[in-house]
A.B. asks: 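Please read through the structure below; I'll follow up with questions.
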Amino acid sequence: MGAGTPVPVHEADAPLDVGGISLGSRLLVGTGKYASFEETRAALEISGCECVTVAVRRVNLDAAKGPSLLEFIDRKRCHILPNTAGCFDAQSAIRTAELARAILDTPLIKLEVLGDPKTLLPDPVGTLEATRELVRQGFQVFVYCSDDPRMCVRLAELGAASVMPAGSPIGSGQGILNPNALRIVLELVHVPVIVDAGVGTASDVAFAMELGAAGVLLNTAIAGAREPLRMAAAMRDACRAGRQAFLAGRIPRRLYANASSPLEGTIAPGGGPAA
Amino acid sequence: MQPFLEITVNGQRREVRADARLCDLLSELGLDGAAVAVERNRKLVRRSDHGVTALERGDEIEVVTLVGGG
């Protein structure tokens with residue numbers, strides 16, 4: 001689905017293959033909280049994302065029929081990843097996944113089984129239960145979870161297509177709170193790890209990608225910015241920059257300086273005429 | 001047989017004709033052909049079954065669609 005612009009050899013990167021789809025952009029973007037569908041469409045396009053999330057909700061039977069969100073998503077460019085946001089038990093999440101599949105005819109599902117409405121932190125037991133059932137039903141399950149390394153390993157073992165540890169609570173903008181946990185997750189988990197939730201600004205995306213995340217999923221950081229379209233561009237660039245830095249390999253940290261200019265051949269030190 | 005029966009749609013009480021099928025309800029709601037999915041009593045009803053699923057008194061129907069989300 002990638003654009004036609006040729007990429008220089010030194011910037012080449014493989015697509016992100018996950019859950020049976022292939023993504024040219026490693027930024028996944030949510031469609032919530034925009035001021036309008038027009039703004040949603042523009043932000044998605046500018047972000048360069050090829051996978052967008054949507055939520056499943058009751059049809060409002062009292063409202064006049066307006067345009068549908070789907071009319072504003074370019075499905076030739078973007079895969080749609082429906083979520084189970086708002087589900088606080090495994091059974092609701094499983095039913096929501098089945099409803100999403102019935103609408104979109106897609107096996108993709110972003111599974112969220114949440115603990116409580118205040119923290120929106122994932123409920124680990126319900127998440128495991130729902131993952132097991134949805135994998136059994138043939139879904140490609142992208143699992144929102146905590147950054148606990150054992151939890152992430154168990155989800156991958158159950159057959160999750162992707163594990164998606166939260167950098168920090170959903171919509172909190174706190175960034176990556178525990179990079180060491182994420183480093184361990186990235187070492188132990190052998191399905192794509194997509195950092196989901198908590199991104200506040202572009203450097204959070206770059207940081208996650210520099211650590212080796214396969215991708216980053218965000219929503220509020222763009223939709224809630226003062227200028228969402230400008231932030232969509234910033235996130236696009238940060239995701240690419242972080243990924244390229246990861247592939248290029250950062251230098252080790254050292255305690256003392258290491259001159260960039262030669263230490264030999266400098267002129268005689270000091271000032272005034274030679275004695 | 002009463003001409004109408006009472007069901008619940010998205011949490012709201014509603015009367016439908018006693019011989020109504022699920023597709024009739026969707027049509028009445030202006031949702032036939034729309035990007036929606038339907039549960040009857042917490043069980044998904046596939047689109048291909050909307051035309052053959054009869055409604056019964058006390059049915060709890062959920063009609064959902066896609067909205068913006070993260």
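Convention: sequence-line order gives letters A, B, ...; per-chain numbering from 1. Just so it is clear, the values below take in all heavy atoms, side chains as well, and ignore hydrogens, waters and symmetry mates.
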A.B. asks: Would a 4.5 Å heavy-atom cut-off, applied to side chains only, mark A:R57 and B:T65 as touching?
C.D. replies: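 In short, these two side chains do not touch, never coming nearer than 4.5 Å.
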A.B. asks: Atom NZ of B:K43 and atom CD of A:E98: how far apart are they, to the nearest 0.5 Å?
C.D. replies: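 Atom-to-atom, B:K43:NZ and A:E98:CD are 7.0 Å apart.
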A.B. asks: With a 4.5 angstrom heavy-atom cut-off, is it the side chain or the backbone of B:L44 that approaches chain A, or both, or neither?
C.D. replies: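 Only the side chain of B:L44 comes within 4.5 Å of chain A.
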A.B. asks: Contact between A:V59 and B:L29 at the side-chain level, heavy atoms closer than 4.5 Å - yes or no?
C.D. replies: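 Contact flag for A:V59/B:L29 side chains = no.
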A.B. asks: Please check if the number of heavy atoms outside A:D105 that lie under 6.0 Å from its CG is greater than 12.
C.D. replies: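 Count not over threshold, so no.
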A.B. asks: Could you pull out the closest heavy-atom pair between B:G68 and A:A55, with the gap in Å?
C.D. replies: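 Where B:G68 meets A:A55 most closely, the heavy atoms are O-CB, 4.0 Å.
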A.B. asks: Is the backbone N or O of B:G70 less than 3.5 Å from a side-chain atom of A:K110, with the two atoms forming a donor-acceptor pair by type?
C.D. replies: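 Judged by distance alone, yes, a pair lies under 3.5 Å.
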A.B. asks: Name the region of B:E62, side chain, backbone, both or neither, that has any atom closer than 4.5 Å to a heavy atom of chain A.
C.D. replies: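 Only the side chain of B:E62 comes within 4.5 Å of chain A.
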A.B. asks: Between B:E39 and A:L99, is a side chain to side chain contact (heavy atoms under 4.5 Å, CB included) present by the stated rule, with each step listed?
C.D. replies: CA-CA 8 Å; B:E39 266 188 353; A:L99 287 163; 3.8 Å; yes
A.B. asks: Heavy-atom cut-off 4.5 Å, strictly under: side chain, backbone, both or neither for B:V38 against chain A?
C.D. replies: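 The answer is the backbone of B:V38.
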A.B. asks: Checking B:R46 against chain A: side chain, backbone, both or neither under 4.5 Å from a heavy atom?
C.D. replies: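 Contact with chain A involves no heavy atom of B:R46 at all.
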A.B. asks: Using a cut-off of under 4.5 Å for heavy-atom pairs, which of A:I170, A:I103, A:T220, A:L28 has the most such pairs with chain B?
C.D. replies: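 Of the options given, most contacts go to A:I103.
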A.B. asks: Can you say whether A:D196 sits under 4.5 Å from chain B via the side chain, the backbone, both, or neither, judging by heavy atoms?
C.D. replies: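 Neither part.
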A.B. asks: At a 4.5 Å cut-off on heavy atoms, which part of A:Q91 comes close to chain B: side chain, backbone, both, or neither?
C.D. replies: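 It is neither, since no heavy atom gets under 4.5 Å.
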A.B. asks: Under 3.5 Å, side chain of B:N10 to main-chain N/O of A:L61, donor-acceptor pair present?
C.D. replies: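 Flag not set: sc B:N10 to bb A:L61 has no pair under 3.5 Å.
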A.B. asks: Is atom CD of A:E45 surrounded by more than 12 heavy atoms (other residues, nucleotides or ligands) closer than 6.0 Å?
C.D. replies: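 Counting neighbours around CD of A:E45, 12 or fewer heavy atoms of other residues, nucleotides or ligands fall under 6.0 Å, so no.
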A.B. asks: How many angstroms lie between CG in A:L69 and CG in B:L66, if you round to the nearest 0.5 Å?
C.D. replies: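 With rounding to 0.5 Å, CG (A:L69) is 7.0 Å from CG (B:L66).
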